[in-house]
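Since this is a predicted model, take the numbers as computed values, not measurements. Protein chains get the first letters and strands the later ones, always in sequence-line order, with residue 1 at the start of each.
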Amino acid sequence: MRDRRVAAAERWTTAALPTSAEEVWRYSRIDELDLDDFALATPSDPATPVDGALTDVSEWASGGAAATVVLVDDRVVSLDVSPAAAAAGLVISDLSSDTSVDPADAGLAEAGDAPDLFATLNDAFSPSPIVVRTPVSAEIEGTVHVVRLATVAGGASFGRLVVHVGRNSRLAVVEHHRSTDVHALTVPYTELRVANDARLHYLAVNDLGPQVWQVADLVSRVEQGGSLIAAAAGFGGDYTRLRSDCRLTGRGSSGDLLAIYFGDGDQMLDYRTFQDHRAPDTTSDLLFKGAVGGRSRSVYTGLIRVRKEGTNTNANQTNRNLKLSDEAWAESVPNLEIETNDVKCSHASAVGPIDEEQRFYLESRGVMPADAERLVLTGFFEEVIARLPIAGAAEPLRRRVRDKVARRIGAGEVNA
Amino acid sequence: MSELVIEGLRAEAGGREILRGVTLTVRSGEVHAVMGPNGSGKSTLSHVLMGRPGYTVTGGSVTLDGVDVLAMAAWERAQAGLFLAMQYPTEVPGVSLQDALAAAFTAAGRDVAEVPGLVLAEAGRIGFDERFLTRPLNVDLSGGEKKRNETLQLGVLRPKFAVLDELDSGLDVDALRACARRIEQATAETGLGVLAITHYRRLLDELKSDVVHVFVKGEIVASGGAELADELEDTGYAGYGAEEAEVEGVVDPFADPFADPLGSTGRPEIEDPFGGPGSIG
C-alpha cells in the first residue's frame, strides 16, 4: 500500500491541475481552486466530541441498517456491522488498520485507469480507505451507510470507498457527505465493482455545508449480467462536482445513473457522466433532474460511449433542469459517441422554468402559490426518487427538497 | 344565497379582443348554460373568470357577493368559492390528488384529515375507480377519467360557483351522466351555482339548466329557458350571427351520422387546449 501511495504521489507532483479549457472541466470552477489553500485534514482531537447529530443516520434507517461506518476527517470513529449482515457474509475493512486486504482491492491504481488527477490524489493521500465486500450469492438485508464528516477549516480530506459485490450477491450502500460550516476541500473517490449476476444499489448524498468544495469521482465496473443503480443527490456545498464513470464491461450488464440536485444561494453543482458500453447486450439509463434558484448554477454534461464491442447496446440519457430565478443558470450538454452499429441510443435535455400550467392548475384549486411551487417541485423530483430502490431513502430526499423550497420561500423568492 | 355577477366583461389575449362585453348573473342553486360555436370565446370566459395567466381584462367587472373577483389571484378566487372544471385538465407529474387537496384545505383552514374520506366518498358517487386516486394528478388518465377527476375535486372542495368548461368533451355517455348528475345534486345539496359552457345539449339532459345563453363572437346574443338549447340543437348558431366556420362546430360527433347530413363532416374542430393566442408557451 505504501509503495502505491508513493507512486501516486509522484504522478501527482509531476502533473498540473486541470483547467476549464478541457472539455470535461468546461463551465466548472476548477480555475478558482488553489490546493495551497488547503492542508491535509489532521485527525480531530479525540477529546473534542463531534455533535452526534452530524453523523446520525437514523433518518435513513427505516429501511434497516446492515452496517454503519462513520469517518470524521477521514478517520474511522465507528464501524458497526449488524449481526445478520455479518452472518450473511458482509465484511467491511478499514485499510488504515487492516493490513490483510490486498492493496489491489483498494480501487484503481493505474494512472491510465483513473478518471482524473483527483482520483490519483486520493490514491496518494487517502488515510483510511474503506473496503466493503460481499461473498458469492449473499443477500444483504438493509443498507450499508458510510458517513463522512469534514470538520477542519482549511482541511483537505480524501475519503475512499471501494465496494466489491460478489457474484450473484445483492447489496445497497448509501454514502453521506457532510461537514460542519467550514471552508474545506473534500476529494472523495468511490469505486463500485459489481461481479457477474450481482446487483448493487448505491446512493451518494451531498449534505455538505455552504463553504465546502468537493471534487468527487465515482467509478463503476459491472461484469456479466450484473446490474447497478448509482444515484446522487446534491444539495450542499459551495462548489461540488461529481464525475461518474459507469463502465459496462460484461455482456448483458446494466448501469442506471440517477440524480437529483437542487441549488440555491451562490452554490454550483457540477455533474459529468460517462456511460461506457464495453460489452455486447448492455443497457444504461440515465435520468438527472435538477433545479437552480437564487444565483446558483448547475452543469450537466454526459457522454454515452458505445465501443466496438458494445453491439446491441441500449442507452438512454435524460437531463431536465428547472431554472427558478433569472439569475440562476443551468447548463446541459448530452453527447453520443458510437463506434458500432446495431445500437439504440437516445438523449434528451431541457432547461426551463416551472410549468406555469401546472402551477395554475393547483392554484385554481385554492392552493397557495408557495404550496403550489412546493408541490410542483417535489413532483418534478418524484420521478427520480420513485426509481430509487433503496428502502428508507425516499422520505429523507423529499424532506431535503421541501427544505430547499422552504428556504426559497423564506428568502422571498416565491410569491407567497 | 350567493351571487356571481359578471358585468360588461371585456378581455383580450395576444392583442385580440375575445370577450366583448359579457353580462350575466348566476345565483346559488342556478344552472346557466353558455352555448356557442367554436372560437366564440366561451373557453376564454372560463379562463378569465378563474384568472388564468395570458389574458388581459380591458373592461367590466366580476364580483362574488359584492367582492371584486378580478382583483384576486387564482388561488384567492378558489378560496372565495369559485371552481373551474377545465376542458383539458393539466397533468401535474409527481403530485397526488390527496396532496393537492390537502394543500387547498390548509389554505382554506379546513381539516386536512377529512380529505381521504371525502375523496373516497366522492369517487364512489361518480364511479371513479379508486386505483386512479393514487396516480399523479391527471397523469395517464383518459379524457373521461380526467373529467371525473375534476368533478370529484368539485365535490370535495364544495365551491359556491362552478364554471364547467366543456365538461362533456371527451366523456363517454356513462361518465357524462355520472358527472352531470353529481353536479346537479350539488346545486340542491350545497346550493352550487353553475356556469356550464358547452357545445351540446347532451350535458343538459342530466344537468337541468335554468337559463340558456347563446354566446357568439365574445358576447351573449340571446338568453332564454331550457327550450333554447333544444332550438339550438335543431337550427345551430347561424341565426345568431355565427359565421360558417363557427357553425360547423355545432355538429355533435356523438349524433347518428345518418340522421343529419352535416354529421358526415366528422369531428368538430378541437379548440386550442390553452385558449388560443393567449396560450402560455
Side-chain angles (χ1 to χ4, degrees), chain A residues 233 258-260 262 287-291 318 320-323 348 350-388 394-395 397-402 404-406 409 414-416, chain B residues 46-47 49-55 72-86 88-110 136-139 146 149-150 152-154 156-159 162-163 165 273-275 279-281:
Chain A
L258 305 173
I260 63 173
F262 197 146
L287 178 63
F288 274 44
K289 294 183 96 170
T318 302
R320 298 194 189 284
N321 300 280
L322 292 178
K323 186 176 171 302
V351 179
I354 282 193
D355 187 320
E356 282 301 322
E357 292 289 325
Q358 294 177 15
R359 195 176 351 217
F360 174 72
Y361 183 82
L362 293 170
E363 290 180 16
S364 78
R365 311 291 122 149
V367 176
M368 288 185 279
D371 280 334
E373 175 153 328
R374 174 180 57 81
L375 288 169
V376 171
L377 278 171
T378 52
F380 172 76
F381 288 115
E382 191 60 30
E383 182 189 2
V384 181
I385 293 174
R387 277 182 57 182
L388 261 184
E395 202 43 48
L397 293 176
R398 291 185 188 116
R399 196 173 298 128
R400 280 158 178 72
V401 171
R402 290 196 296 266
K404 282 279 190 178
V405 178
I409 294 163
V414 179
N415 275 337
Chain B
S46 74
H47 297 157
L49 287 175
M50 204 65 221
R52 188 173 206 147
Y55 300 92
M72 298 179 193
W75 74 275
E76 295 170 317
R77 298 181 195 204
Q79 292 297 343
L82 214 51
F83 181 88
L84 169 62
M86 292 191 188
Y88 299 103
T90 310
E91 296 186 7
V92 192
V95 177
S96 73
L97 173 66
Q98 306 266 358
D99 285 351
L101 289 172
F105 269 48
T106 301
R110 291 176 70 180
L137 273 172
N138 297 317
V139 176
K146 286 179 182 172
N149 196 0
E150 294 289 277
L152 181 152
Q153 292 177 55
L154 191 162
V156 173
L157 291 169
R158 291 186 192 145
V163 181
D165 189 8
F274 300 124
S279 73
I280 305 142

Checklist line | When B:Ala78, B:Pro136, B:Ala73, B:Gly51 are compared by non-hydrogen pairs under 4.5 Å with chain A, the top option | finding: B:Ala78
Check: Closest approach of A:Leu375 and B:Val95, non-hydrogen atoms and distance?
Finding: O-CG2, 3.0 Å
Next item on the list: Examine whether an atom of B:Pro89 lies under 4.5 Å from a heavy atom of chain A, and if so say whether it belongs to the side chain, the backbone or both; otherwise answer neither.
Entry: both
Item checked: Over all atoms of both residues, closest heavy-atom pair of A:Phe360 and B:Met86 -> CE2-CE, 3.4 Å
Notebook entry, point to check: Taking it one step at a time, do A:Leu362 and B:Leu137 satisfy side-chain contact (heavy atoms from CB on, under 4.5 Å)?
Noted result: CA-CA 10 Å; A:Leu362 293 170; B:Leu137 273 172; 3.7 Å; yes
Checklist line | Separation of B:Glu150 CD from A:Tyr361 OH (nearest 0.5 Å) | finding: 3.5 Å
Notebook entry, point to check: Taking only residues two or more places apart in sequence or in another chain, which ones pass side-chain hydrogen bond (donor to acceptor under 3.5 Å, both in side chains) with A:Glu363?
Noted result: none
Checklist line | B:Glu76 portion near chain A, given a 4.5 angstrom heavy-atom threshold | finding: neither
Margin query: Restricting to side-chain hydrogen bond (donor to acceptor under 3.5 Å, both in side chains), what partner residues turn up for A:Lys404, sequence neighbours left out?
Written below: A:Asp264, A:Gln267
Next item on the list: Taking all heavy atoms of B:Ala100 and all of A:Val367, pick out the closest pair and write down the distance.
Entry: O-CG2, 3.5 Å
Notebook entry, point to check: Looking at CG of B:Asn138 and CD of A:Gln358, how far apart are the two atoms once the value is rounded to the nearest 0.5 Å?
Noted result: 10.5 Å
Check: Does any N or O in the side chain of A:Arg365 come within less than 3.5 Å of the main-chain N or O of B:Leu84, such that one atom is a donor and the other an acceptor?
Finding: yes
Item checked: Part of A:Phe380 within contact of chain B (heavy atom distance under 4.5 Å) -> backbone
Checklist line | Region of B:Ala108 that comes under 4.5 Å of a non-hydrogen atom in chain A | finding: neither
Next item on the list: Heavy atoms only, distances under 4.5 angstrom: which of A:Ser364, A:Gly379, A:Gly352 has the most pairs with chain B? Name it, please.
Entry: A:Gly379
Check: What heavy-atom pair brings B:Ala107 and A:Gly366 nearest, and what distance separates the two atoms?
Finding: CB-O, 3.3 Å
